[in-house]
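Comments concern the structure below.
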Amino acid sequence: MELRILRFLPRRIGLSARLLMLTVFFVMLTEVLLFVPSISRYRLVYLEEKLEASHLAGLSLDATPDRMVTAQLTSTLLRHVGAHAVGLYEDGKLTHNLMVPEMPGVDREIDLRDDTFVELIADAFDTLGQKRNRILRVIGPSPKDPSVLAVVVLDETPLRKEMYDYSQRILGLSIVIAVVTAGLLYLSLQVLLVRPMRRLTQRMVGFSPDAPAAGVPPSLRTDELGIAERALTSMQEELRYAFRQQARLAALGSGVSKLGHDLRNILSTVQVLSDRLADSADPEVKQLTPRLVRAVNRAVALTQATLDFATERPAVTPARFGLADLVQEIGQDTAVMGEDGFRLESALAPDFEVEADRDQFQRVLGNLVRNARLAGARLAEIGGAVGPESASITVKDDGPGIAETVRPKLFQPFNTGRPGGTGLGLAIARDLVVAHGGEIRLVESGPEGTIFRIDLPASNAIRTVSRATRLPET
Ligand SMILES: Nc1ncnc2c1ncn2[C@@H]1O[C@H](COP(=O)(O)OP(=O)(O)OP(=O)(O)O)[C@@H](O)[C@H]1O
Ligand SMILES: [Mg+2]
């Protein structure tokens with residue numbers, strides 16, 4: 001009910017104003033609920049008072065020997081009661097009787113002896129709704145003495161008038177109560193909730209991680225708002241810290257890439273010179289040279305990998321190409337790396353084509369295959385499948401599986417599990433796949449081998465045209 005009412009309120013109205021209106025509404029509603037029984041009670045009391053007054057007026061007849069009084073006294077007594085006629089019955093017999101000379105006809109008879117709560121309410125509203133004066137004949141036991149049954153004939157208009165006055169008083173009181181309650185509630189909500197909430201909102205909206213801390217004093221409140229304020233403060237501090245850290249890392253990164261660039265040039269010179277050392281006549285130099293060359297090569301590779309990672313990724317230039325051809329090329333590259341019995345096989349359909357950046361995919365798959373080989377796998381296999389929504393490429397090997405220590409941050413830079421590794425291969429692979437709108441994930445890894453899967457949107461940077469292989473419906 002409350003929610004339904006809230007929906008009708010315009011959206012611009014603030015929280016406190018809404019609560020103000022709701023409070024007024026609910027107080028008024030409560031007053032109406034209280035008004036219904038109280039107005040019927042008011043009418044009952046009015047009628048019972050008339051019965052009581054009738055009883056007393058009737059008893060005054062006992063002062064005369066024949067229970068007869070003058071017409072003038074009769075009319076005075078009846079005027080005091082506010083009735084046209086009064087009758088008292090004891091044991092079913094009329095004992096006292098007072099009546100005006102011209103008795104008007106009775107419009108409605110009200111017997112208070114058998115009226116239920118609901119009937120009393122209905123009768124009260126019946127009275128309120130009348131336009132003309134009705135003559136009522138009210139029957140009920142005298143409140144003074146229940147053994148006496150009193151009957152009184154009276155006008156309805158004075159009763160209705162009093163009921164109207166009573167209603168007006170109740171309405172006025174309700175308005176005062178509603179306004180005072182709502183006003184107090186409004187003020188307390190302003191102080192307790194709205195203002196702190198506004199402060200909190202302003203702090204959120206005005207927050208900028210690179211601006212210095214505003215020096216907001218810590219909240220001393222122990223309620224939910226205090227918790228929220230403190231949580232916001234610590235969150236903002238963490239964000240500022242992370243932002244500073246990020247800025248420092250970025251500066252460091254650009255420094256490193258400049259350094260790497262120059263280092264690579266120096267190393268190229270060293271590479272050329274060390275190659276020349278191989279021709280030296282000195283047997284000791286000759287013996288040490290291959291190790292020197294290997295060390296220099298590693299240094300060049302490390303510098304190159306760091307540079308690759310630090311530099312902005314080149315934009316994806318998609319073109320359609322057969323994946324099987326690319327796998328064959330990677331296989332040849334790997335074969336050049338040395339005779340260790342490692343084989344790369346393709347499980348791809350010959351017409352499996354993708355639309356992607358070929359060079360970047362060569363690096364992605366090359367990195368995955370090189371990882372498998374360096375981990376000690378004998379065989380790696382690249383497969384592919386097309387589904388209605390996406391295409392996937394899998395790289396599976398029979399190596400020993402990924403070490404538990406590197407798994408939690410597998411795709412993060414500088415996370416390596418092998419001596420001499422830089423831990424950039426998978427980070428670069430992921431960056432490149434993401435640049436294609438795809439995703440790379442580790443499917444499984446254990447003593448029997450490791451499977452990586454690259455998912456690419458069929459419609460995005462890459463489109464597979466193969467109909468030969470279909471992903472199983474999942
Ligand atoms: N197929 C795999 N089998 C076993 N371990 C793997 C495999 N692929 C990756 N790993 C583990 O994950 C680590 C991180 O790989 P990643 O390619 O990111 O870095 P790296 O190979 O150590 O160095 P880089 O590739 O930069 O020369 C590896 O060091 C290796 O321990
Ligand atoms: Mg690697």
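By convention here, the first residue in the shown sequence is residue 1. In what follows, every heavy atom counts, from backbone to side chain, and hydrogens, waters and symmetry copies are set aside. Both ligands and their constituent atoms are indexed starting at 1 by order of listing.
Looking at atom 8 (N) of ligand 1, its nearest protein heavy atom turns out to be Asn371 CB, 3.3 Å. Nearest protein heavy-atom neighbour of atom 3 (N) of ligand 1: Ala375 CB, 3.5 Å. When hydrogens are left out, the protein atom nearest atom 16 (P) of ligand 1 is Leu426 N, 3.6 Å; that is the closest non-hydrogen contact. Nearest protein heavy-atom neighbour of atom 1 (N) of ligand 1: Asp397 OD2, 2.9 Å. With respect to atom 24 (P) of ligand 1, the closest heavy atom belonging to the protein is Thr422 OG1, 3.4 Å. The shortest contact between atom 22 (O) of ligand 1 and any protein heavy atom is with Thr416 OG1, 2.4 Å. From the protein, the heavy atom lying nearest to atom 7 (C) of ligand 1 is Ile402 CG1, 3.8 Å. The nearest heavy-atom contact from the protein to atom 28 (C) of ligand 1 is Gly417 N, 3.7 Å.
Within ligand 1, counting atoms from 1 as listed, the ones closer than 4.0 Å to a heavy atom of Gly401 are 4 (C), 5 (N). Close contacts between ligand 1 and Ala372 involve ligand atoms 1 (N) [criterion: under 4.0 Å to a heavy atom]. Near Gly421, meaning under 4.0 Å from one of its heavy atoms, ligand 1 places the atoms 22 (O), 23 (O).
Taking the side chain to side chain donor-acceptor pair (under 3.5 Å) definition, one finds that Arg230 meets it with nothing, sequence neighbours left out.
In terms of modelled atom types and a separation under 3.5 Å, the side chain of Arg407 and the main chain of Ser445 share a donor-acceptor contact. Side-chain atoms of Gln168 do not come within 3.5 Å of backbone N or O of Asp165 as any donor-acceptor pair. When atom types are taken as modelled, the side chain of His436 and the backbone of Ala356 share no donor-acceptor pair closer than 3.5 angstrom. Asp357 contributes a side-chain N or O that, together with a main-chain N or O of Thr317, makes up a donor-acceptor pair within less than 3.5 Å. With Asp398 contributing its side chain and Gly449 its backbone, the two residues share no donor-acceptor pair below 3.5 Å.
Between Arg244 and Asp210, none of the side-chain N atoms (NZ, or NE/NH1/NH2) sits under 4.0 Å from a carboxylate O, so this pair counts as no salt bridge. Ion pairing between Asp126 and Arg134 holds under the 4.0 Å rule for side-chain N and carboxylate O.
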*What's the verdict on side-chain contact (heavy atoms from CB on, under 4.5 Å) for Thr416 and Val406, showing C-alpha distance, side-chain angles and the deciding distance?*
CA-CA 7 Å; Thr416 182; Val406 281; 5.7 Å; no
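Remark: Met197 CE to Met204 CE distance equals 9.5 Å, nearest 0.5 Å.
When each of Leu368, Ile454, Leu348, Leu326 is paired with Ile382, the side-chain contact (heavy atoms from CB on, under 4.5 Å) condition holds for Leu348 and for no other.
Residue Leu424 places at least one N or O, backbone or side chain, under 3.5 Å from an N or O of ligand 1. Some N or O of Arg418 is nearer than 3.5 Å to an N or O of ligand 1, by distance alone.
The closest non-hydrogen atom to atom 23 (O) of ligand 1, taken over Gly425, Gly423, Ser445, comes from Gly423.
Cation-pi contact between Lys50 and Tyr46: present, with separation from the ring centre below 6.0 Å and deviation from the ring axis of at most 45°.
With a 4.5 Å cut-off on side-chain heavy atoms, Thr450 and Glu444 do not count as touching.
Taking distances strictly below 2.8 Å, the protein N/O/S atoms close to the Mg ion (ligand 2) are Asn371 OD1.
Residue contacts with ligand 1 for Thr450 involve side-chain atoms from C-beta outward but no N, CA, C or O (heavy atoms, distance under 4.0 Å).
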